[in-house]
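To keep things clear, I will list the structure first and then write my remarks on it.
We use all heavy atoms of the structure for the numbers below, so side chains are in, but hydrogens, waters and symmetry mates are not. Naming: A, B, ... by sequence-line order, numbering from 1 per chain.
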Amino acid sequence: MRQRVAVIDFETTGITPGPDCRATEIGVAMVENGRVVDRFQSLMNAGVRVPPMIEALTGISNAMLRAAPPAHAVMRDAAAFVGSAPLAAHNASFDRKFWDYELAQLGLARGQDFACTLLLSRRLLPQAPNHKLGTLTRWASLPDTGRAHRALADAEMAANLLCHLEDTLRGQFRLGDVNHGMLCKLQKVAAAKIRPYLDELQAAQRV
DNA sequence: TGCCAGGCCCTCTTTAGGGCCTT
């Protein structure tokens, strides 16, 4: 895609955002022309405790968060970094909840749609053993981006996967122009109907 | 007191149930 897309990933203290469940780290990988061209990453201190299970998963400790900048400052910087670029994430329904919640703490609201590399992978890469981010990265021989379950490494993994999905649409499905709006529509098409939908898109691009 | 996400997708489905995926 020639347009810039901001691929984001949050580490958090749990599954559902709220007063006791907040983001602890954000990573953003800015994709343009099929590669990562810019990066943003920061731990963020929202004043909540990290449960032991989450610390074991992410390696992010309470001591690390005590030394981290406040969440509102980090989110203000992250929102400025993203600007008006369309968004993407792996299992975007998760990151979208936290993006919206953390922005709402600043009185801000999201203006862009999210593309979801999980939904797109289920449709375009059904032969993969499963659709976890790490599995897809290894299965598609995408670059090792660092420690899994840290925000920027995961954001870059999802960014590389987004580029791989775009390559799949261009190569296997012979689509010329791929853009974020097309991906957002594609991820809503029922998996069983994806092939005829792509055939229609291909035919329309030929006209 | 006891519970604790939710949207997507498949199938032994649609008057439902269970696995996947994210932390």
Legend entry - Donor-acceptor side-chain pairing of A:His90 and A:Thr117 below 3.5 angstrom: yes
Legend entry - Nearest-nucleotide pick for A:Ala191, side chain only, options being B:dT23, B:dC10, B:dG6: B:dC10
Legend entry - Same-atom distance (P) from B:dT22 to B:dC3, integer angstrom: 28 Å
Legend entry - Side-chain heavy-atom pair A:Phe114, A:Ser93 within 4.5 angstrom cut-off: no
Inset, instruction - Tell me yes or no: between the side chains of A:Glu25 and A:Gln41, is some donor less than 3.5 Å from an acceptor? - result: yes
Inset, instruction - Hey, can you tell me if A:Trp139 and A:His164 have their rings parallel, tilted or perpendicular (30° and 60° cut-offs)? - result: perpendicular
Inset, instruction - Using the C1' atom on both, measure B:dT14 against B:dG18 and round to a whole Å. - result: 16 Å
Inset, instruction - Determine the interatomic distance between P on B:dC4 and the same-named atom on B:dG17; round to the nearest Å. - result: 16 Å
Any N/O pairs under 3.5 Å between the protein and nucleotides 1-5 of chain B? List them or say none.
residue: B:dA5; atom: O4'; partner: A:Thr16; partner atom: OG1; Å: 2.7

Inset, instruction - Starting at atom CZ of A:Arg96, determine the distance to atom P of B:dC21, rounded to an integer number of angstrom. - result: 18 Å
Legend entry - Rounded distance (Å) that lies between atom P of B:dC21 and atom CZ of A:Phe114: 20 Å
Legend entry - Integer-rounded Å distance: B:dT22 P and A:Leu57 CG: 10 Å
Legend entry - Length of the CE-P vector between A:Met157 and B:dC21, whole Å: 15 Å
Legend entry - Side-chain touch A:Arg170/A:Val178, heavy atoms, less than 4.5 angstrom: yes
Legend entry - Rounded distance in Å - CG (A:Leu161) to C1' (B:dC21): 13 Å
Inset, instruction - Select base, sugar-phosphate, or nothing to describe what A:Asp9 touches, counting heavy atoms under 4.0 Å on all strands. - result: sugar-phosphate
Legend entry - Trace of the salt bridge (Lys or Arg N to Asp or Glu O under 4.0 Å) decision for A:Glu156 with A:Arg39: CA-CA 9 Å; A:Glu156 287 205 56; A:Arg39 296 165 178 81; 2.9 Å; yes
Inset, instruction - Give me the one residue out of A:Ile8, A:Ile26, A:Val82 that meets side chain to side chain contact (heavy atoms under 4.5 Å, CB included) with A:Phe40. - result: A:Ile26
Inset, instruction - Report which part of the nucleic acid A:Asp154 touches: base, sugar-phosphate, or nothing (heavy-atom distance under 4.0 Å, all strands). - result: sugar-phosphate
Legend entry - Whether over 12 other heavy atoms sit under 6.0 Å from A:Lys132 NZ: no
Legend entry - A:Leu186 CG to A:Leu198 CG distance, which is reported to the nearest 0.5 Å: 5.0 Å
Legend entry - Integer angstrom distance from the P of B:dT1 to that of B:dC20: 35 Å
Inset, instruction - Please tell me if the side chains of A:Asp95 and A:Asp9 come closer than 4.5 Å, counting only heavy atoms from C-beta onward. - result: yes
Inset, instruction - Verify salt bridge (Lys or Arg N to Asp or Glu O under 4.0 Å) between A:Arg195 and A:Asp199, making sure each step is shown before the conclusion. - result: CA-CA 6 Å; A:Arg195 192 66 206 229; A:Asp199 288 344; 3.8 Å; yes
Inset, instruction - Figure out the CD/C1' separation between A:Glu25 and B:dT23, and round it to whole Å. - result: 12 Å
Legend entry - Integer angstrom distance from the C1' of B:dG2 to that of B:dC21: 27 Å
Inset, instruction - For A:Thr58, answer base if it contacts any base atom (sugar-phosphate contacts may also be present), sugar-phosphate if it contacts only those atoms, and nothing otherwise; contact means non-hydrogen atoms under 4.0 Å. - result: sugar-phosphate
Legend entry - Rounded distance in Å between the C1' positions of B:dC12 and B:dA16: 11 Å
Inset, instruction - Classify the nucleic acid contact of A:Phe10 as base, sugar-phosphate or nothing, counting any heavy atom under 4.0 Å across all strands shown. - result: sugar-phosphate
Inset, instruction - Please figure out whether A:His149 or A:Ala190 has its closest DNA chain B nucleotide nearer the 5' end. - result: A:Ala190
Inset, instruction - For A:Asp100 and B:dT22, give me the distance from atom CG to atom P, rounded to whole Å. - result: 20 Å
Legend entry - Distance, C1' atom - from B:dT13 to B:dG19, rounded to whole angstrom: 15 Å
Legend entry - Whole-Å distance separating the CG atom of A:Leu120 from the C1' atom of B:dC21: 14 Å
Inset, instruction - Please check the phosphate of B:dC21 (OP1 and OP2 only) for any side-chain N or O of A:His90 closer than 4.0 Å. - result: no
Scan nucleotides 17-20 of chain B against the protein and return all N/O pairs shorter than 3.5 Å with their distances rounded to 0.1 Å.
residue: B:dC20; atom: O2; partner: A:Arg122; partner atom: NH2; Å: 3.3

